[in-house]
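Here the structure is laid out as structure tokens; the discussion comes afterwards.
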Amino acid sequence: YISIKAIETPDKNDDTIWLTYWVVYGLFHIVEFFSDVFLFWFPFYYVSKCAFLLWCMAPFSWNGSQVLYNRIVRPFFMKHHQTVDDIVSDLRGQALNTAESVTREVTRAAMSQALEHENND
């Protein structure tokens, strides 16, 4: 609800705050997905998780999202974003080439099927 309200306000500062939260939350969720099998055995894991997420959403400048984003996520992103952009660009080109060749093969197969069907009639 707060994210939608932030998007709808003319002030873009609150958009940045909530986008930062969602980036940190998304990364937390990915890490948790792979480690939850081990973490849930720890006492008070779910209480700690709740406290962590509340800290990430807290309405002050030193909330968890801002701290983690500025100290961990942003430096990592700034160091590696060009490499990731290059990989994504290469994958996009390969996907387009694959789609074109599949389309050509399907068209060719459909044409030969149609000609074969016409010759049989």
Side-chain angles (χ1 to χ4, degrees):
Y1 174 74
I2 299 295
S3 297
I4 295 170
K5 282 183 69 172
I7 291 169
E8 295 304 320
T9 61
D11 181 21
K12 294 303 170 195
N13 186 41
D14 57 357
D15 296 0
T16 304
I17 291 168
W18 283 102
L19 279 172
T20 303
Y21 167 75
W22 287 114
V23 166
V24 170
Y25 176 79
L27 292 172
F28 169 75
H29 187 66
I30 290 169
V31 170
E32 183 190 35
F33 177 79
F34 292 105
S35 62
D36 190 44
V37 133
F38 306 110
L39 292 176
F40 84 92
W41 287 98
F42 288 101
F44 304 109
Y45 165 66
Y46 291 105
V47 173
S48 301
K49 176 182 170 180
C50 227
F52 171 77
L53 292 174
L54 286 172
W55 176 56
C56 285
M57 288 187 281
F60 38 81
S61 62
W62 49 273
N63 72 26
S65 296
Q66 298 298 321
V67 171
L68 293 172
Y69 182 81
N70 289 323
R71 291 190 182 167
I72 297 170
V73 177
R74 187 172 190 279
F76 184 84
F77 172 79
M78 297 306 283
K79 183 177 179 182
H80 299 289
H81 76 91
Q82 190 59 49
T83 304
V84 173
D85 287 346
D86 293 343
I87 291 170
V88 168
S89 179
D90 290 346
L91 289 174
R92 183 180 301 136
Q94 289 176 2
L96 285 173
N97 290 339
T98 302
E100 287 174 359
S101 57
V102 166
T103 302
R104 257 192 313 270
E105 290 301 318
V106 167
T107 304
R108 190 173 298 138
M111 292 296 268
S112 21
Q113 187 76 7
L115 288 172
E116 188 177 305
H117 181 68
E118 188 176 293
N119 288 337
N120 290 337
D121 288 340

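Shortest non-hydrogen contact noted between Tyr46 and Phe40 is OH-CB, 3.5 Å. Here the shortest heavy-atom pairing between Pro75 and Asn70 reads CD-O, 3.5 Å.
Sorted by first and then second residue, the pairs that involve residues 43-55 and meet salt bridge (Lys or Arg N to Asp or Glu O under 4.0 Å), not counting sequence neighbours, are Glu32-Lys49. For residues 59-88, no pair satisfies salt bridge (Lys or Arg N to Asp or Glu O under 4.0 Å), with sequence neighbours left out.
Annotation: the span from Gln94 atom CD to Ser89 atom OG amounts to 10.0 Å, rounded to 0.5 Å. Rounding to the nearest 0.5 Å places CG of Leu96 at 8.0 Å from CZ of Arg92. Atom-to-atom distance recorded for Asp11:CG and Thr16:OG1 is 8.5 Å, nearest 0.5 angstrom. In this structure, CH2 in Trp18 is found 8.0 Å from OG in Ser65, a value given to the nearest 0.5 Å.
With contacts defined as side-chain heavy-atom distances shorter than 4.5 Å, the pair Arg104/Glu100 qualifies. Side-chain contact between Phe28 and Leu53 is present, with heavy atoms from C-beta onward closer than 4.5 Å.
Taking hydrophobic clusters as Ile, Leu, Val, Met, Phe, Trp and Tyr residues chained together by side-chain heavy-atom distances below 4.5 Å, Leu19 does not share a cluster with Tyr69. Grouping the Ile, Leu, Val, Met, Phe, Trp and Tyr side chains by contacts below 4.5 angstrom, directly or via other members, places Phe60 with Val67. A chain of hydrophobic side-chain contacts below 4.5 Å, direct or via other Ile, Leu, Val, Met, Phe, Trp or Tyr residues, connects Ile72 to Met57. When hydrophobic clusters are built by joining Ile, Leu, Val, Met, Phe, Trp and Tyr residues whose side-chain heavy atoms come closer than 4.5 Å, directly or via intermediates, Leu27 is not grouped with Leu39. Phe52 and Val73 fall within a single hydrophobic cluster, where Ile, Leu, Val, Met, Phe, Trp and Tyr are joined by side-chain heavy atoms under 4.5 Å apart, directly or via other members.
Taking the salt bridge (charged side-chain N to carboxylate O under 4.0 Å, His left out) definition, one finds that Arg108 meets it with Glu105, sequence neighbours left out. Scanning for salt bridge (charged side-chain N to carboxylate O under 4.0 Å, His left out) contacts around Asp15 gives Lys12, with sequence neighbours left out. Residues satisfying the ring pair (Phe, Tyr, Trp, His ring centres under 6.0 Å) criterion with Phe77, sequence neighbours excluded, are His81. Trp22 meets the side chain to side chain donor-acceptor pair (under 3.5 Å) test with Ser3; sequence neighbours excluded.
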